[in-house]
Amino acid sequence: MKPQLLVARPIFQSVIDALSSHFEVTANQSDTAWTPDAWKLALSQHDAALTTGTDPVNAQVLGAQPRLKIAANMAVGFNNFDVPAMTQLGVTASNTPDVLTETTADFGFALLMATARRMTESEHYLRAGHWKQWRYDMFAGAEVHGSTLGILGMGRIGQAIARRGALGFGMNVIYHNRSKLDAATEAECKAQYVDKETLLKTSDHLVLVLPYSAESHHSIGAAEIAKMKPTATLVNIARGGIVDDAALAHALKHQQIAAAGLDVFEGEPSVHPDLLTVPNVVLTPHIASATVKTRLAMAQLAADNLVAYFTQGRALTPLNQVPRAS
Ligand code: GLV
């Protein structure tokens, strides 16, 4: 008997077809929204789930004695998982690191450039028919090359952004992270470790790439924004909730910083209404890893994690197991 697999949201049909040789697959290709009760029931009827970053897996949905053995997230972030609860209930968690690193860094850099160079603001102006003549100060933005790039959270994606900034754009790269990188990695990224205060005060462009957790909640709020340069830009490709969006909207409205680029939002897909009305923000709907090639690689890796778990024996570590809570 093949194990029962729930694929929570639509994914590439080719991946579902491949999974079907290992699992009895229940797919949700029509993207029917899960009510909390339907989600709980579906999890209780399957041995494995392929989830996305918006599908919660925690004690409440798993119940006291879950049938589920593994949830494989098709995302590098896994703040939709309650890992301590999953560990306690014997549910393995996996994610999809590495395959999206360069693509996500590309997007982070694109968002930085669009923000600094006011691309969407100027496009709206053009589309609205306001462009009548050239002016010396029309949409004059902030310099990217040669400026100071600050990175908060220096994991794989942070390092890939650092390399782009330092090697491609001659930027002076500084970073803050829970732990300082080893000297060889710092040298490769041409990045210098600084404390958070210095990062906030010195960055011309500050990019957030840290994972979301209770500790990183509102890492950037009114107090932190107040320390930034009035000419600075802020880019969030990490997770909603790392920035206090209300405080950011207020700061953008009052030009306390020059501009922001946001791919993630508190309570997404809702967006703080004030962010929708301020002009100096570039907004995208959580698409940093969204290239066809990378999304396929993520789906494939999530599938590989599931297959590895069941074919290598449950005691073995699947690929990309999220570390168990101790
Ligand atoms: C996207 O946000 C991811 O975590 O993969």
Side-chain angles (χ1 to χ4, degrees), residues 7-12 15 31 49-58 70-83 86 92-112 114-115 151-161 164 177-178 207-220 234-243 245 260-272 275 282-306 318-323:
V7 180
R9 299 285 315 283
I11 61 166
F12 298 86
V15 176
D31 209 6
L50 196 159
T51 52
T52 66
T54 53
D55 306 314
V57 183
N58 53 41
I70 176 169
N73 226 24
M74 185 184 146
V76 64
F78 49 87
N79 54 305
N80 55 313
F81 289 169
D82 181 341
V83 177
M86 290 171 75
T92 291
S94 69
N95 67 338
T96 57
D98 301 322
V99 291
L100 48 59
T101 299
E102 298 298 329
T103 301
T104 304
D106 284 349
F107 188 87
F109 218 85
L111 196 51
L112 184 164
T115 304
I151 301 174
L152 185 58
M154 197 62 158
R156 289 165 284 231
I157 298 170
Q159 291 168 33
I161 291 173
R164 280 160 179 73
N177 196 40
R178 267 180 309 189
V207 182
L208 310 177
V209 210
L210 64 168
Y212 181 80
S213 65
E215 295 81 62
S216 65
H217 182 74
H218 285 190
S219 288
I220 301 291
L234 176 71
V235 171
N236 186 8
I237 56 163
R239 274 290 181 274
I242 286 176
V243 174
D245 284 350
L262 305 175
D263 186 49
V264 288
F265 304 87
E266 276 189 292
E268 64 187 49
S270 295
V271 175
H272 192 289
L275 288 173
V282 180
L283 305 168
T284 52
H286 202 147
I287 55 167
S289 65
T291 64
V292 177
K293 187 175 168 191
T294 292
R295 285 286 163 87
L296 181 58
M298 290 164 69
Q300 190 57 57
L301 183 52
D304 290 348
N305 288 334
L306 289 163
L319 303 174
N320 311 122
Q321 180 171 338
V322 166

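Ligands are counted one by one from 1 in listed order, and the atoms in each one are counted from 1 as well. These values consider heavy atoms only, across backbone and side chains, with no hydrogens, waters or symmetry-generated copies. Computed from a predicted model, the values in this text were never measured in an experiment.
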Subject >> From CA spacing to verdict: side-chain contact (heavy atoms from CB on, under 4.5 Å), H217, I242 >> reply: CA-CA 5 Å; H217 182 74; I242 286 176; over 6 Å; no
Subject >> Closest contact, heavy atoms only, A302 versus N73 >> reply: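 Minimum heavy-atom contact is CB-O, 4.1 Å.
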**OP:** Heavy-atom cut-off of under 4.0 Å around ligand 1: list whichever protein residues fall inside it, by chain and number.
**Re:**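 Ligand 1 pocket, heavy atoms under 4.0 Å: A75, V76, G77, L100, R239, H286, M298.
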**OP:** Could you walk me through whether E102 and R164 pass salt bridge (Lys or Arg N to Asp or Glu O under 4.0 Å), step by step?
**Re:** CA-CA 10 Å; E102 298 298 329; R164 280 160 179 73; 2.8 Å; yes
Original post:
Does a donor on one side chain and an acceptor on the other come within less than 3.5 Å for D55 and T52?
Top reply: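 Note: D55 and T52 side chains meet the donor-acceptor criterion.
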Original post:
Is it true that the side chains of H286 and E268 contain a donor and an acceptor less than 3.5 Å apart?
Top reply: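 Their side chains do contain a donor-acceptor pair, which is all the 3.5 Å distance test asks for.
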Original post:
When you measure from the side chain of N236 to the backbone N and O of L262, does any donor-acceptor pair fall under 3.5 Å?
Top reply: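 Judged by distance alone, no pair lies under 3.5 Å.
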